[in-house]
Amino acid sequence: MLLNSRDFPANAREGLGNPTLQKALSMARTGFPEKRARAIERLPEFESLREKARAIKEATLANLDFYLETYENKVLAAGGKVHWARSASEAREAVLAICRSVGAKTVTKGKSMVAEEVGLNPFLEENGITPIETDLGEYIIQLRREPPSHIIAPAIHLVKEEVAQSFREAHRELPPQRPLSEARQLCDEARAVLRPRFLAADAGITGANFLVAETGSSLIVTNEGNGDLTQLLPRVHIVMASIEKLVPTLEDAATLLRLLARSATGQEFSAYTTLSTGPRREGDEDGPEAYHVVLLDNGRSALLGGEFEDILRCIRCAACLNHCPVYTAVGGHAYGTVYPGPMGAVLSPALFGLEECAHLPNASTFCGRCEAVCPMQIPLPKMMRGWREREFTQKKAPAVARAALRLWAFFALRPGLYHPFARIVARALFAAGARRGRFRSLLFHSGWTAVRDLPAPEGRTFHHLWAKRRKGA
Amino acid sequence: MSEPREEILGAIRRAFKRGALAAEAAGELSRRLAAHPRNPVPQRAAALEEEDRLRLFVAMAEEADARVSQLDSLDAVPAAVAEYLARENLPAEIVMAPDPMLEALPWKREPLLAIRRGRAEAGDAVSLTPAFAAIAETGTLMLISGAETPTSLNFLPDTHIVVVAARQVVASYEEGFDLLRAAAAEKGWPRTVNFVTGPSRTADIEQTIELGAHGPRRLHIILVGEREPAGKK
């Protein structure tokens with residue numbers, strides 16, 4: 001779902017000035033990278049698995065039509081149904097139709113980014129169906145009516161006192177004086193409150209980390225067990241997945257799984273990895289009576305064969321968010337889309353339009369950590385540059401920025417003008433700023449100097465120093 | 001066929017400037033699916049001798065907060081279950097998978113232990129199930145659904161006890177898949193396969209790891225040294 005990406009600069013400023021958010025982010029900033037580094041150290045084959053994983057996904061995307069059809073046939077053979085959705089609205093309608101066909105009043109939900117992408121919850125509510133998020137983080141933000149701020153840790157922007165307050169407001173049937181100062185107490189309360197809802201739900205909706213063409217299975221990876229209770233207990237299980245989740249075989253899934261948990265949480269393996277294939281079999285005492293898959297395109301097929309195809313390899317581990325100096329400074333809500341951070345800066349413009357998300361590919365220091373940690377070797381900085389280039393060529397960048405870039409290009413293409421001009425500017429700035437060594441403010445650069453000082457130049461240009469050094473050598 | 005389906009498939013083909021795959025290319029991909037070749041398996045899990053396999057399985061399972069107790073014989077399981085319940089201050093009541101291997105155990109030796117057979121219901125405190133296989137690489141249990149092994153036993157109770165025979169412990173996920181395919185050829189593909197590594201957990205509140213989010217708070221593995229072919233429940 002797109003929220004307010006256009007307001008990224010204001011959102012980011014607000015995030016930077018929010019002390020509770022900064023406290024919450026400071027815990028994430030070190031925790032995730034340290035855990036990931038330790039897990040990868042223990043697996044010497046990590047680099048070669050990355051190569052293999054990339055090759056698997058590239059080969060799958062190159063034949064995605066074949067794998068989708070093969071997968072569909074296998075789902076049908078196992079007694080399930082597949083619903084194809086071109087757009088977010090078709091996906092929402094498909095889910096609603098399935099819920100209505102069984103007279104569903106309440107549905108439990110495992111964490112699904114595709115459900116967030118299509119804005120499923122508000123739509124179900126408008127149509128008289130109550131969605132209940134069951135992942136602890138998702139449950140917390142549902143109570144607070146907030147979007148997720150991270151793709152695997154949706155409530156990472158909150159501290160436990162905020163969670164406690166939300167629980168006190170939502171769980172009015174419980175004694176008001178109960179202690180809720182510890183994470184343990186909050187987990188226990190959520191477990192107790194949600195258990196009867198799991199048992200009473202008419203339908204269960206989960207996402208999928210992978211869809212396996214060989215077997216027609218959906219595969220989910222969770223730690224809490226909520227996804228499993230969601231797909232086990234209700235009469236109907238609905239899987240929401242986007243088309244690029246396909247992998248050919250179980251062996252291919254295993255290779256990706258060896259990268260996923262380690263990159264995401266630094267675990268050797270998540271607590272629960274579950275393959276689901278069709279509805280309950282004859283003689284089974286439990287499991288859903290019906291199994292549906294809603295397959296979403298929503299702009300993805302248009303990325304195939306083009307400069308942004310690589311983002312379709314993404315397995316949503318969130319390592320790029322966890323290692324991003326921008327994400328970990330401003331938090332996920334600043335991005336104004338359900339996919340924040342570097343992967344979101346590349347994917348969101350593709351899903352929701354560059355016009356809406358133009359700030360996101362610019363919200364980067366281009367330090368390259370995202371690409372360095374990406375288990376699927378996705379060239380995220382390169383693709384952010386690709387969006388910036390489009391922003392420029394499609395004349396979506398602000399007029400002042402475009403004019404300044406044109407002016408710079410004029411000089412840069414004419415060294416005979418550029419060098420003397422640069423020398424003059426360098427000398428002038430040296431003369432003006434040598435005493436302090438820095439500028440507090442500078443004409444036309446207030447946006448830059450508002451939050452930092454500009455160091456004064458040393459008086460000579462790089463070209464000048466370079467030429468001198470070569471002469472000396 | 002429905003219109004969105006054709007449009008999505010058409011868009012994919014247009015992106016690659018081609019039609020549906022030619023029979024030859026599709027045949028090659030189908031053959032790869034049927035052959036499901038193995039990708040590189042980490043050295044840690046490749047070609048381990050039985051003793052090392054068991055050691056790795058126990059170490060990794062315990063690292064993931066499962067508890068493992070090792071027995072020499074299946075006959076000792078009922079006493080071990082009763083002892084575990086007493087030690088953990090749990091009621092002497094279990095719900096057990098209606099599985100032939102478990103049924104054949106000498107439960108009469110534990111007359112104080114109440115056993116119900118079948119799926120788990122709300123309020124069941126302790127479940128006992130067999131495993132389909134176990135994977136040393138990450139200390140992971142492989143559990144499959146079926147008439148004799150309802151999946152709710154793996155998730156609803158607070159405490160899940162799993163009996164694993166030493167010979168069921170394989171090195172890698174890939175070996176587990178091969179056992180699964182062999183079993184499915186006989187009995188059909190199961191509705192669900194759970195790969196379980198330790199008890200339920202969450203770190204959604206301030207990245208503090210808490211066990212027992214929605215699934216079991218405790219996972220207790222009884223590893224039995226008796227020889228039994230892998231892949232059998």
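Chain letters run A, B, ... following the sequence lines, proteins first, then strands; residues in each count from 1. If you're wondering where the values come from, they're calculated on a predicted model, not measured in any experiment. Heavy atoms only: backbone and side chains are in, while hydrogens, waters and symmetry mates are out.
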So how far is it from [X] [atom1] to [Y] [atom2], rounded to the nearest 0.5 Å?
| X | Y | atom1 | atom2 | result |
| --- | --- | --- | --- | --- |
| Arg14(B) | Ser301(A) | CZ | OG | 7.5 Å |
| Glu268(A) | Thr197(B) | CD | OG1 | 10.0 Å |
| Arg13(B) | Phe66(A) | CZ | CZ | 11.0 Å |
| Thr249(A) | Phe177(B) | OG1 | CZ | 8.5 Å |
| Glu161(A) | Glu206(B) | CD | CD | 6.0 Å |

Would you call [X] and [Y] a salt bridge, taking side-chain N to carboxylate O under 4.0 Å as the test?
| X | Y | answer |
| --- | --- | --- |
| Arg38(B) | Glu251(A) | no |
| Asp252(A) | Arg32(B) | yes |
| Glu63(B) | Arg42(A) | yes |
| Glu214(A) | Arg181(B) | yes |

Among the options [options], pick out the one with the most heavy-atom pairs lying under 4.5 Å from chain A.
| options | answer |
| --- | --- |
| Ala147(B), Pro42(B), Ala15(B), Ala11(B) | Pro42(B) |
| Leu143(B), Asn194(B), Asn154(B), Leu180(B) | Asn194(B) |
| Gly198(B), Ser145(B), Ala203(B), Gly118(B) | Gly118(B) |
| Thr208(B), Val196(B), Leu156(B) | Leu156(B) |

Toward chain A, the part of [X] with a non-hydrogen atom under 4.5 Å:
| X | value |
| --- | --- |
| Leu219(B) | neither |
| Asp178(B) | side chain |
| Pro216(B) | both |
| Thr151(B) | both |
| Ser152(B) | both |

Practice problem: Apply the test side chain to side chain contact (heavy atoms under 4.5 Å, CB included) to residues Arg5(B) and Glu69(A): give CA-CA distance (whole Å), side-chain angles for both, the deciding distance (0.1 Å), then the verdict. | Solution: CA-CA 10 Å; Arg5(B) 178 186 190 279; Glu69(A) 287 191 286; 3.5 Å; yes

Quiz item: How far apart are the C-alpha atoms of Phe198(A) and His214(B), what are their side-chain angles, what is the distance that settles it, and do they pass the side chain to side chain contact (heavy atoms under 4.5 Å, CB included) test?
Solution: CA-CA 10 Å; Phe198(A) 276 119; His214(B) 290 295; 3.5 Å; yes

Exercise. Measure across Gly278(A) and Arg191(B) and return the closest heavy-atom pair with its distance rounded to 0.1 Å.
Key: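 Taking every non-hydrogen atom into account, O-CG, 3.4 Å.
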
Quiz prompt | From CA spacing to verdict: salt bridge (Lys or Arg N to Asp or Glu O under 4.0 Å), Asp65(A), Arg18(B) | solution = CA-CA 11 Å; Asp65(A) 52 336; Arg18(B) 60 166 173 79; 2.9 Å; yes

Quiz prompt | Which portion of Leu194(A) sits near chain B, non-hydrogen atoms under 4.5 angstrom | solution =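 Contact with chain B is through the side chain of Leu194(A) alone.
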
Quiz prompt | Which portion of Ala28(A) sits near chain B, non-hydrogen atoms under 4.5 angstrom | solution =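 Both the backbone and the side chain of Ala28(A) come within 4.5 Å of chain B.
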
Practice problem: May I have the step-by-step check of side chain to side chain contact (heavy atoms under 4.5 Å, CB included) for Ser270(A) and Phe195(B), ending in yes or no? | Solution: CA-CA 9 Å; Ser270(A) 299; Phe195(B) 295 86; over 6 Å; no

Quiz prompt | side chain to side chain contact (heavy atoms under 4.5 Å, CB included) evaluation trace for Arg217(B) with Asp188(A) | solution = CA-CA 11 Å; Arg217(B) 296 171 191 274; Asp188(A) 285 342; 3.0 Å; yes

Practice problem: Would you sort out whether Glu45(A) and Arg44(B) count as a salt bridge (Lys or Arg N to Asp or Glu O under 4.0 Å), showing the intermediate values? | Solution: CA-CA 10 Å; Glu45(A) 295 88 350; Arg44(B) 175 205 292 183; over 6 Å; no

